[in-house]
Chemist: 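Below are the structure tokens for one structure; questions will follow.
What you see below is based on every heavy atom in this structure, not just the backbone, and it leaves out hydrogens, waters and symmetry mates. Below, chain A is the first sequence line, B the second, and so on; all start at residue 1.
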2 protein chains.
Amino acid sequence: MNTSASAAPYHHGDLRRALLDSATAILTETGRWDFSLREVARRAGVSHAASYRHFTDKEALIAAIAVTGYEALRARMSAAIDGASGAVETLRAIGHAYIGFGVENPALYRLMFGQALPGIEGLPPTVLAVLTEARAVLRGVILDGARTGTFAIDPEDEQAVSVAVVTAWSLVHGFTLLTIDRVVDREVRPRVIEALTARVTERLIIGLLPT
Amino acid sequence: MNTSASAAPYHHGDLRRALLDSATAILTETGRWDFSLREVARRAGVSHAASYRHFTDKEALIAAIAVTGYEALRARMSAAIDGASGAVETLRAIGHAYIGFGVENPALYRLMFGQALPGIEGLPPTVLAVLTEARAVLRGVILDGARTGTFAIDPEDEQAVSVAVVTAWSLVHGFTLLTIDRVVDREVRPRVIEALTARVTERLIIGLLPT
DNA sequence: TGGGCGTGTTGACACTGGTAACATTCGGTC
DNA sequence: GACCGAATGTTACCAGTGTCAACACGCCCA
């Protein structure tokens, strides 16, 4: 029992969230996820073994961070889609939302798609669901454009549609990573990135338009 | 002094290489590069501190592996370019070589472009040189295609050329990673990957052709 | 009122990256 | 051929890590 008002109570209240927050903070500060669980616990003001009541593993903590990232990405893409109409505009919105998320959360994005996780197949169902859903949305847009004749793709040709989906995803994914890793342009500034994003996205769309 | 013929000599001969080999073996076996230096040393049949005579750091070992990877990638791309003529064919060759390398060496590729390294700018000059060179080659091909009118790009428009370069690189990079991570297609087989590679590369080229 | 269970703590273990002090061998010099 | 410094390898050690087991606390329900 502790009578001091400011002293921390024995039970934290929402330690799981606190640990996730600490870990995410370290991630965004350092850009790395090879921090020690002990440091995370220290930041949360808790003993080094407390995290094992909430995460079976260090890997489980990392995976939980990834899940929050996937959900944030999904939210952002959903919002972008809602405000757009027509295949071209929607595709553009998706591209900008996706790249924007990655560029603004570089460490998190790398964690989400890096090797930190036990292989994509080992991911929690939540994550797989988001990924599958993301692909479905993208496919829907492209299929829509194909049906209306906006894109030069035969909507009946399953494979052609798949190739377009994979191509589009590859482009935004690759661009995001190259930008994050500063491979693309070493003296990048926000403005430049935005402009580049717009132009790369436009190239993607041009590649889909009929000749 | 040791009179037994089979006993290991005190000095290894080429321990640096042996350590790199052990580490690379672990990398390809497990797909991860969070192995311990001590295990690498164990595999090389040497005491755990010996590696510090050849690599200042664990990170230095990882970086050295990355360097071998970059050089292998460069070699493969060079070979591909040599056998091709014309902008379209050359671009196709580059794409196939790049993706092929990544798909055949997934762990190495991820290490090369993952967060294992001290940020792209901290990389050894060798690596930076290879990356810069790679971009120059790609730019050369696209510029060539632009000049001959094969691609719908104004060769005088610096920015347009840059955008095309970034787009192309992003596409192959993203596709390679998505394939490695099995995000693209979860029941991929070599044949499927090859076919996909071909079609995605073709989409890239189509996107550059005049309308 | 009490006891059980979820939550947090302490203490321990094997292991890791890294350093320092010591041992061994190689290559060059007399 | 004997000698010696530099390069290379070894052993001993340190602080820090992930993880587990045993214990402590306190909320909630019978």
Chemist: From the list dG8(C), dT19(C), dT8(D), which nucleotide is the closest neighbour of the side chain of V46(A)?
Modeler: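 Of dG8(C), dT19(C), dT8(D), dG8(C) is nearest to the side chain of V46(A).
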
Chemist: Rounded to whole angstrom units, what separation is found between the NE2 atom of H54(B) and the C1' atom of dT10(D)?
Modeler: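 About 13 Å, once rounded to whole Å.
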
Chemist: What is the nucleic acid contact for F35(A), judged by heavy atoms within less than 4.0 Å: base, sugar-phosphate only, or nothing?
Modeler: sugar-phosphate

Chemist: Using the six-membered ring wherever Trp is involved, compare the ring planes of H173(A) and Y98(A) and label them parallel, tilted or perpendicular (cut-offs 30° and 60°).
Modeler: perpendicular

Chemist: Whole angstrom is fine here: how far is it from CG in L19(B) over to P in dG17(C)?
Modeler: 13 Å

Chemist: What is the bend of the helix from dT1(C)-dA30(D) to dC30(C)-dG1(D) when you compare the axis at one end with the axis at the other, using five pairs each and rounding to 10°?
Modeler: 10°

Chemist: Count the heavy atoms belonging to other residues, nucleotides or ligands that lie under 6.0 Å from CD of Q159(B), then report whether that count exceeds 12.
Modeler: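 Not more than 12 within 6.0 Å, no.
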
Chemist: Could you check how far CZ of F55(B) sits from P of dG18(C), rounded to whole Å?
Modeler: 13 Å

Chemist: Would you name the heavy atoms of I153(A) and A164(A) that are closest together and state the gap between them?
Modeler: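 Looks like CD1-CB, 3.5 Å.
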
Chemist: Using 0.5 Å steps for rounding, measure from the CZ atom of F151(A) to the CG atom of D144(A).
Modeler: 8.5 Å

Chemist: Nearest whole angstrom, please: distance from the C1' of dT19(C) to the CG of D57(B).
Modeler: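 For the pair D57(B) CG and dT19(C) C1', the rounded distance is 13 Å.
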
Chemist: Enumerate the residue pairs fulfilling side-chain hydrogen bond (donor to acceptor under 3.5 Å, both in side chains) with a member in residues 39-50 of chain A, sequence neighbours excluded, ordered by first and then second residue.
Modeler: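 Passing the test, one end in residues 39-50 of chain A: E29(A)-R43(A).
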
Chemist: For Y70(A) versus V130(A), what's the shortest heavy-atom pair and its separation?
Modeler: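 Nearest pair, atom of Y70(A) first, then V130(A): O-CG1, 3.8 Å.
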
Chemist: Can you tell me which residue among R199(B), R203(B), E202(B) is in a side-chain contact (heavy atoms from CB on, under 4.5 Å) with T167(A)?
Modeler: R203(B)

Chemist: For S162(A) and R139(A), does a side-chain donor sit closer than 3.5 Å to a side-chain acceptor?
Modeler: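 Short answer, yes.
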
Chemist: For the pair made of NZ in K58(A) and P in dT19(D), what is the distance, rounded to whole Å?
Modeler: 8 Å

Chemist: Which value, rounded to the nearest 0.5 Å, describes the distance between F55(B) atom CZ and I65(B) atom CD1?
Modeler: 8.0 Å

Chemist: Return whichever of R53(A) or E39(A) has its heavy-atom-nearest nucleotide of DNA chain D closer to the 5' end.
Modeler: E39(A)

Chemist: Rounded to the nearest Å, what distance is computed from the CG atom of residue L61(A) to the P atom of nucleotide dT19(D)?
Modeler: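 Taking atom P of dT19(D) as the reference, CG of L61(A) is at 10 Å.
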
Chemist: Can you measure D34(A) atom CG to dT17(D) atom C1' for me and round it to whole angstrom units?
Modeler: 12 Å

Chemist: What does nucleotides 11-16 of chain D look like as a protein-contact string, B for base, S for sugar-phosphate only, - for none, at under 4.0 angstrom between heavy atoms?
Modeler: BBB---

Chemist: Measure the distance from OH on Y52(B) to C1' on dG18(C) and round it to the nearest whole Å.
Modeler: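 Rounding to the nearest Å, OH of Y52(B) and C1' of dG18(C) are 5 Å apart.
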
